[in-house]
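A short write-up of the structure that comes next.
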Amino acid sequence: MPNDPATDRANLLELKRGDALALNRLIARWQRPLLSFAHRYLQNNADAEDAVSETFVRLYRRRDELRVDTNVSAWLFTTLTNLCHNQHRWRRRHPTVSFSSASDEAGEDRPGAPDPVAVDLPPDLAVEDDEAVQALKQAIDGLPHELKTSILLHHYEQLSYREIASITRCSERGVETRLYRARQRLKASLAGYLSEAGRP
């Protein structure tokens with residue numbers, strides 16, 4: 001992911017001064033990593049795109065409230081994680097089958113989707129690999145919000161403890177604890193699948 005706070009602050013300052021193109025520059029820098037996180041959190045392309053779009057809308061609407069020394073990346077991810085959490089809770093209370101999720105399950109991933117497709121594996125291994133990915137997705141999806149956010153930001157977005165602490169507003173030690181708890185829960189959730197599959 002891009003890591004240039006000075007450029008972000010410069011773009012934010014220009015946005016506050018009325019340069020609408022500064023928002024385009026921030027979108028160009030941050031849209032891809034934000035989409036990557038949202039897609040993994042929500043496991044639905046349309047919902048992920050909506051959440052990221054709303055994140056940038058909120059950035060524009062609140063530009064005058066933000067300090068010039070705001071950590072833009074942390075602000076974007078904090079806003080997005082809250083939006084994803086709210087969307088996820090709403091979806092659990094109002095379950096539906098969307099065309100987007102059905103398309104994803106059928107393997108019709110759009111270009112740039114974050115999950116790799118195993119094209120070089122023999123069919124039996126490809127099916128086994130897909131089952132493992134689905135089991136892991138379900139296990140991550142079942143984690144509480146603070147554990148899910150930390151594990152996705154650390155293992156998939158490769159953020160440091162310090163960056164995650166800034167986004168989640170807890171200490172670096174707190175992030176370390178959350179990651180440990182998340183791994184323990186994933187290990188417990190996947191224990192049945194791993195034993196059935198004969199995996200260590």
Side-chain angles (χ1 to χ4, degrees), residues 1-12 25-45 47-56 58-59 69-85 87-88 104 109-120 129-130 132-190 194 199:
M1 63 179 276
N3 186 16
D4 187 358
T7 298
D8 289 334
R9 285 193 294 269
N11 282 321
L12 176 60
R25 292 191 288 273
L26 286 167
I27 291 173
R29 281 173 56 76
W30 288 106
Q31 186 174 41
R32 190 175 187 87
L34 292 174
L35 270 174
S36 174
F37 172 85
H39 184 273
R40 287 192 173 95
Y41 193 110
L42 297 170
Q43 299 184 21
N44 179 290
N45 288 336
D47 288 346
E49 290 170 2
D50 287 347
V52 171
S53 295
E54 177 63 19
T55 298
F56 287 118
R58 292 189 179 194
L59 175 65
D69 61 348
T70 295
N71 183 333
V72 176
S73 63
W75 190 94
L76 289 170
F77 270 103
T78 299
T79 301
L80 180 62
T81 59
N82 290 334
L83 288 169
C84 286
H85 182 43
Q87 172 67 12
H88 191 260
D104 290 348
D109 293 327
R110 62 179 173 77
D115 292 318
V117 179
V119 292
D120 295 329
D129 187 61
D130 186 57
V133 169
Q134 290 304 318
L136 179 60
K137 282 183 177 181
Q138 289 178 0
I140 291 174
D141 196 48
L143 291 173
H145 171 69
E146 67 277 4
L147 303 186
K148 183 177 180 180
T149 299
S150 298
I151 204 87
L152 291 177
L153 290 174
H154 184 66
H155 285 282
Y156 291 97
E157 304 309 317
Q158 300 178 351
L159 269 62
S160 67
Y161 287 8
R162 177 175 293 182
E163 290 169 317
I164 298 170
S166 180
I167 292 166
T168 58
R169 295 174 183 165
C170 75
S171 66
E172 292 182 47
R173 183 62 183 270
V175 171
E176 184 178 3
T177 300
R178 288 179 180 183
L179 289 171
Y180 173 79
R181 289 170 54 204
R183 292 185 192 110
Q184 293 300 106
R185 288 202 183 204
L186 290 176
K187 186 177 178 181
S189 297
L190 294 170
L194 293 174
R199 297 187 180 195

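It should be emphasised that the depicted structure is a prediction, and the values quoted were computed from it without experimental measurement.
For Arg181, there are no side chain to side chain donor-acceptor pair (under 3.5 Å) partners, not counting sequence neighbours. With sequence neighbours excluded, no residue forms a side chain to side chain contact (heavy atoms under 4.5 Å, CB included) with Ser53. Take Asp50 and apply the side chain to side chain contact (heavy atoms under 4.5 Å, CB included) test, not counting sequence neighbours, and it matches no residue. Residues passing the side chain to side chain donor-acceptor pair (under 3.5 Å) test with Thr7 are Asp4, sequence neighbours excluded. By the side chain to side chain contact (heavy atoms under 4.5 Å, CB included) test, His88 is found to be paired with Tyr41, Leu42, Arg91, Arg92, Asp141, Lys148, residues two or more places apart in sequence or in another chain being considered.
The shortest non-hydrogen separation linking Thr70 to Arg9 is O-CG, 3.7 Å. When all heavy atoms of Ala135 and Leu190 are compared, the pair lying nearest together is O-CD2, 3.5 Å. Here the shortest heavy-atom pairing between Arg178 and Leu147 reads O-CD2, 3.4 Å. Of all heavy-atom pairs between Val52 and Ala38, the closest is CG2-CB, 4.1 Å. The nearest pair of heavy atoms linking Phe37 to Cys84 is CE2-SG, 4.3 Å.
Residues Leu83 and Arg58 are in side-chain contact: their nearest non-hydrogen atoms beyond the backbone lie under 4.5 Å apart. Using a 4.5 Å cut-off on side-chain heavy atoms (C-beta onward), Thr55 and Trp30 make no contact. Inter-residue side-chain proximity for His39 and Tyr156 is flagged as unmet; no heavy-atom pair is nearer than 4.5 Å. Inter-residue side-chain proximity for Leu59 and Leu26 is flagged as met; some heavy-atom pair is nearer than 4.5 Å. No side-chain heavy atom of Glu163 sits under 4.5 Å from any side-chain heavy atom of Ser73.
The line from CG of Leu152 to CG of Leu159 is 11.0 Å long, rounded to the nearest 0.5 Å.
Among the candidates Glu157, His155, Lys137, the single residue satisfying the side chain to side chain contact (heavy atoms under 4.5 Å, CB included) test with Arg40 is Glu157.
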Quick one: side chains of residues 166-176, donor-acceptor pairs under 3.5 Å with protein atoms, not counting sequence neighbours, listed by atom name and distance.
residue	atom	partner	partner atom	Å
Thr168	OG1	Ile164	O	2.7
Ser171	OG	Gly174	N	2.9

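A donor-acceptor contact shorter than 3.5 Å is absent between the side chain of Ser36 and the backbone of Arg32.
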